Amino acid sequence: MDYNHKIIEEKWQKFWKDNKTYKTTNESDKEKFYVLDMFPYPSGAGLHVGHPLGYIASDIYSRFKKQKGFNVLHPMGYDSFGLPAEQYAIQTGQHPALTTEENIATYRRQLDQIGFSYDWDREVRTSDPNYYKWTQWIFIELFNSYYDIEKDKAVSIDKLIIIFEKKGNEFVNACHSQEEIFTASEWSAMNEKDQREILLNYRLAYLADTMVNWCPGLGTVLANEEVKEGKSERGDFPVERKLMRQWSLRITAYADRLLKDLDPLDWTDALKEMQRHWIGRSQGASVKFKIDGNDNLIEVFTTRPDTIFGVTFMVLAPENELVDEITTADCKEKVAAYVKRSSARSERERMAEVKNISGEFTGAYALHPFSGEQIPIWIGDYVLASYGTGAVMSVPAHDSRDYAFAKHFVIPIVEVVAGGNIEEESYDAKSGKLINSDFLNGLEVKKAMKTAIYKMEEEGIGKGEINFRLRDAIFGRQRYWGEPIPVYFKDDIPYVLEKSELPLELPEIDKYLPTEAGDPPLGRATEWKYKGEYSYELSTMPGWAGSSWYFLRYMDAENNNDIFSDDATNYWGNVDLYLGGAEHATGHLLYVRFWTKFLYDIGKISITEPAKKLVNQGMIQGRSSLMYRATMHIWSKGDAYPPSEVPPLFVSNDVYKLFMESNKVERLSKDDEDRLSSYKDEIRDLEQESTTKFRSLYPNKSGEVRYGTSFTPIRVPIAIVKNDVLDINAFQNSGPENKSARFILEDGKYICGSEVEKMSKRWGNVVNPDDLCERYGADTLRLYEMFLGPLEQHKPWDTNGIEGVSKFLRKYWRLCHNADGEFEVSDGEPTSKELKSLHKTIKKVEQDIEKLSFNTSVSAFMICVNELSELKCNNRTIISDFTKLLSSYAPHIAEEVWNLLGNTESISIADFPAFDEANLTEDNFEYPVSFNGKTRFKLELPSNMSKDDVEKSVLESEESAKWLDGKTPKKVIVVPNRIVNVVV
RNA sequence: GCCCAGGUGGUGGAAUUGGUAGACACGUUGGACUUAAAAUCCAAUGAUCAUUGCGGUCGUGCGGGUUCAAGUCCCGCCCUGGGUACCA
């Protein structure tokens, strides 16, 4: 029988399913290994060829690890809450659960046909109440915890209450947003409502009035990382800032740990750098400035306390609360106008106007903490209300933004660090000696910083401080299709549900839109009340809630009594290899690290990081095909021909290029000139032809058809293009307007141009894995996706190349099948050549998989099969070992051959073939001999020959004489079994 | 602007980490088999000069440098892709 992928793949997929071949247990003597894919959001479009790339890589890796004797956990599930299903529900009225269910079924079918070794018994879906019950459970834990800075961990809120009862909050060292200080007796005197209100300022999940990113287009708030350049990441709707009472998670409490623990992780530097930047730790000091004639203080954060004597003005954010209070009467009007103007501008506009310097003087003065000098207080857009205290001390000599501001408004600039030229620009570097700075004079910047902070602390002016760019994460979404937040309100105060009351399930609603009163969609469920009495929280959790801990649930997915068992998490530990897209760098990957640390703090798990090693697979881009359409004119004195009937003219790629070239360069080569003029003739002929035709069709109209020589690239569906050659027939049948199309061809073919861009329906360049599985089979698809190039790299998809790997599999099949298509292997000892070929491959493939270099191992397979074919090898041992080697890449064909070899068990439990160096030793080595670094000839010599003998043999060889040309070599370099270089 | 990643044939990409640049494939061209096609197999394929042949020269984004030897290391640029954006 010829290699028939359809029969074979169906057969083994059924076998794996029936026999639960890939079931993983939590009890094993073997060492564990956890390979995780970032789970997909099941979109309606299904998978395109780019999605499975990472899944195939991780599948090969898992199967390989299994072969090497590990107990491998390799699960899959769905991030099934999310906006698209809800948007679809709004449009169609169809319940998102139904759409999601259908989409998941499609995904599953597509995944199954590629032959993955997932243990499907561990599947999770974030939208399944059995799963989100535990997401809610974690929320309750967060609500019931605060962050103790001294212990540097989350602690039960009950402990905090005890402290309040004993000592009040003055000495509590916790992460909080509580401003007032109270004593123990004051606490005890408070009613429950006030107490609970205060506790909210300490909880890790808290409700507070916060500036949020409000997206009217989606009708919900978004977290910072869901906003890209002022627009929503999903849907690309504008986002505005708005003050709202919202649920947030106090991720900032973990900022330091999130930063510190990054170092030892085996993640790419780029990714770690992105996280570091996102967390944005800066060290400096907070300094208090008195205001002249006002009791308030302006507190600022600065990273340059050393430049304190260079402060010549202060700038407050327009939103700063102090603005109103300190502005003098004569400045009121202008300041108010400025505040109004900047508040009206969206975040996006503000960003776009970075270069525009704007601001307004408040009329008020601050007093320099050391010199007591008056410092004017300004307000300005460039100071952000959301960072630090929303106020800065401006040191124009040593900060480029302050410099620009000072220059613009003509404010004095005082140099305090020597080394730059402040006439020209600010000197921002953190090196040089202090000048004009009283007690800091003569100190180096670093020393000056310490001294300044010391003095500030001594005099109670300020203190050393660390600031983070990271903001607390907004946790509520005014949406339906997400986890309900397990909270109800009594007297406007939030209470969490008892854990025994979970899950709090999503209620049914009539429409997936906000209520008339403007409440989120859950407000439509009017009967939905806690104990039939208290209102539930109406917003739901964001998309990343469920994905922040799913890797743990896989370890014990079927546990009904607990979120997961200690045994399971202790056994599986961290994810050993986590594979997914780089787009999750600051969203998902930061949150999953945060929740992992929190679960560690409360003693649920014993790891502090989710994944030891993380790899981002590159995106597979689409390759769009382009046609070039000539501009068309109708020249007419009177009544013209209807333009819609003039046939469009398309020119082939080469023709297009030639025309473009002729516009760019002054002179074309003779050859090109000739071709160009022949194309021009062709265009003229077509114009003539059309004109003649129109004259006869429309005898009453006058005119001429002309085609211009400027061209518009038009995308054409890749389905009607093969190897860049357009199927002209198919194109003409693709639409009425194309029916009459004219072409200027090259060699009788229309060659399309191409462009690499995102794979998308819009560009007609989507390639579906279903078609490829049907035509070539899953094994071929798997191999080809890997063959395409390095895993991490972005690369364009080009279906043409798939023939190569398809040929390879058929060649491998033929190795163990005779001319009649019958399975046939020979017994007996393999030859040394055969062994050499095999073992070379074993070594290479093993090394390659370990370093995730899958593309090169596919080449190695091809080389091996080419060699074995050459040797006409069908030796049982060789075929058997090679099959084991191949099985992680092409599991179906490997199972089949394995079975034909007489094995009854699945190949997935067979060991990885053992490598024996002895098979690779060579008697001779063919030395490349170079003269002055240029390879001139090759010389075969025994591999154990000494350096001196090699040198001698080389110099004595006939060929050398020619290159030495009678001269004596200056130097001869011999690298044993590598190279010989003669310097003349 | 800043921070990453990357520039190698017509194309995707290899290169034992300083040691034969272009493996392996695609594509193209020519050939074999066939009534024909498909499939399969064989050969050529970086550029250029020369050609009867041997062959020569150039060549890993650009310009320098280190070295017996550089795609690989160092210095200075250019370009492409990604991230980020007044973070005090």
Side-chain angles (χ1 to χ4, degrees), chain A residues 2 228-229 268-274 276-278 280-282 284 300-304 307 315 350-357 380-384 386-395 398-402 404-405 467-471 582-583 585-586 616 618-619 621 623 723-724 754 756 784 787-790 792-805 807-808 810-811 814 843-844 847 853 855-863 866 869 926-938 962 969-975 977-984:
Chain A
D2 274 348
K228 295 260 147 44
E229 293 178 10
T268 61
D269 288 335
L271 191 78
K272 290 204 265 189
E273 208 42 57
M274 255 192 255
R276 284 194 193 105
H277 182 251
W278 195 260
R281 181 183 196 269
S282 43
V300 299
F301 175 72
T302 176
T303 54
R304 296 294 301 272
T307 63
V315 184
R350 274 211 201 180
M351 273 196 276
E353 289 176 28
V354 166
K355 294 258 154 61
N356 276 358
I357 295 159
D381 243 358
Y382 82 97
V383 177
L384 303 177
S386 57
Y387 185 74
T389 55
V392 301
M393 56 174 233
S394 296
V395 186
H398 306 286
D399 181 288
S400 51
R401 291 150 309 169
D402 295 344
F405 195 88
N467 232 328
F468 292 94
R469 194 182 90 108
L470 185 73
R471 309 283 82 194
E583 65 273 20
T586 49
N616 295 124
M619 201 179 28
Q621 297 150 310
R623 189 170 178 278
N723 284 342
D724 288 341
S754 68
V756 171
Y784 186 55
F787 186 61
L788 228 41
E792 286 106 319
Q793 209 166 290
H794 295 289
K795 56 230 154 192
W797 179 268
D798 183 3
T799 302
N800 289 324
I802 205 170
E803 295 285 350
V805 287
K807 267 187 215 164
F808 153 73
R810 287 189 303 238
K811 215 164 167 182
R814 278 201 308 275
K843 186 180 179 183
K844 172 102 180 117
Q847 285 173 349
S853 173
N855 55 326
T856 50
S857 36
V858 178
S859 302
F861 287 135
M862 288 174 169
I863 293 167
N866 287 346
S869 300
E926 197 181 38
Y927 278 95
V929 180
S930 36
F931 286 79
N932 292 337
K934 279 180 187 146
T935 312
R936 296 303 183 179
F937 62 90
K938 282 164 194 171
K962 185 176 147 194
K970 266 191 215 152
K971 197 173 173 188
V972 180
I973 289 116
V974 177
V975 185
N977 293 315
R978 260 279 147 94
I979 199 170
V980 177
N981 190 16
V982 183
V983 187
V984 187

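In what follows, chains are A, B, ... by sequence order, proteins preceding strands, each numbered from 1. Not measured: the values here are computed from a predicted model.
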Between [options], which nucleotide has the shortest distance from any of its atoms to the side chain of [X]?
X: A/M862; options: B/A25, B/U84, B/A88; value: B/A25
X: A/S859; options: B/A88, B/A23, B/G19; value: B/A23
X: A/L788; options: B/A23, B/U84, B/G12; value: B/G12
X: A/T856; options: B/A25, B/A14, B/C26; value: B/A14
X: A/T935; options: B/A21, B/C87, B/U40; value: B/A21
X: A/P790; options: B/G19, B/C87, B/A14; value: B/A14
X: A/T303; options: B/A85, B/G19, B/A88; value: B/A88

To the nearest angstrom, the CZ-P distance between A/F787 and B/C24 comes to 10 Å

Separation of B/A5 atom P from A/Q621 atom CD, nearest Å, is 19 Å

For the backbone of A/F468 and the side chain of A/S282, can you confirm whether one donor and one acceptor N or O come within less than 3.5 Å of each other? no

Note to self: Would the distance check show the side chain of A/Y927 and the main-chain N or O of A/N977 forming a donor-acceptor pair, the cut-off being under 3.5 Å?
What the structure shows: yes

Worksheet item: For the residue pair A/F301 and A/Y387, does the interplanar ring angle fall in the parallel (under 30°), tilted (30 to 60°) or perpendicular (over 60°) class?
Response: perpendicular

Classify A/N855 by what it touches in the nucleic acid, base, sugar-phosphate, or nothing, heavy-atom distance under 4.0 Å. sugar-phosphate

### Message
Using a 4.0 Å heavy-atom cut-off, does A/R936 contact any base of the nucleic acid, only the sugar-phosphate backbone, or nothing at all?
### Response
sugar-phosphate

Syn within 90° of 0, anti beyond: B/U17 is syn

Its glycosidic angle compared against 90° from 0, B/G64 adopts the form anti

Using the [atom1] atom as the point on both nucleotides, what is the distance between [M] and [N], in whole Å?
N: B/A25; M: B/U80; atom1: P; value: 35 Å
N: B/U60; M: B/A23; atom1: C1'; value: 15 Å
N: B/G9; M: B/G64; atom1: C1'; value: 26 Å
N: B/U45; M: B/G63; atom1: P; value: 28 Å
N: B/G13; M: B/G81; atom1: P; value: 16 Å
N: B/A14; M: B/C26; atom1: C1'; value: 15 Å
N: B/A21; M: B/G46; atom1: C1'; value: 10 Å
N: B/G71; M: B/U66; atom1: P; value: 16 Å

Could you go through nucleotides 65-68 of chain B and list every protein N or O atom that sits under 3.5 Å from one of its N or O atoms, giving the distance for each pair?
from	atom 1	to	atom 2	distance (Å)
B/C68	O2'	A/N981	ND2	3.1
B/C68	O2	A/N981	ND2	2.7

CD1 (A/I973) and CZ (A/R978) are apart, to the nearest 0.5 Å, by 15.0 Å

Output for pair (A/K807 NZ, A/R814 CZ), nearest 0.5 Å, gives 10.5 Å

The residue, A/P796 or A/L271, whose nearest nucleotide of RNA chain B is more 5′ is A/L271

Note: for A/H794 and A/Y784 on RNA chain B, the residue whose nearest nucleotide lies more 5' is A/H794

Applying side-chain hydrogen bond (donor to acceptor under 3.5 Å, both in side chains) to A/T856 and not counting sequence neighbours gives A/D848, A/S853

Per-residue pairing states of RNA chain B in dot-bracket (Watson-Crick or G-U under 3.5 Å; . unpaired, | other strand) read (((((((..(((......[....)))((((((.......))))))((((.....))))..(((((..]....))))))))))))....

With respect to the phosphate group of [N], does any side-chain polar atom (N or O) of [X] fall under 4.0 Å of OP1 or OP2?
X: A/R304; N: B/A88; value: no
X: A/N866; N: B/A25; value: yes
X: A/Q793; N: B/G13; value: yes

Distance to the ring centre below 6.0 angstrom and angle to the axis at most 45 degrees; does that hold for A/R623 and A/W797?
no

Sorted by chain and residue number, the salt bridge (charged side-chain N to carboxylate O under 4.0 Å, His left out) partners of A/K795 (sequence neighbours excluded) come out as none

- For the residue pair A/N866 and A/K811, confirm or rule out a side-chain donor-acceptor distance under 3.5 Å. yes

Please write out the pairs of protein N or O atoms and N or O atoms of nucleotides 41-44 of chain B separated by less than 3.5 Å, giving the distance to one decimal.
from	atom 1	to	atom 2	distance (Å)
B/C41	OP1	A/R814	NH2	3.3

Across all chains, not counting sequence neighbours, the ring pair (Phe, Tyr, Trp, His ring centres under 6.0 Å) partners of A/F861 are A/F882, A/Y889

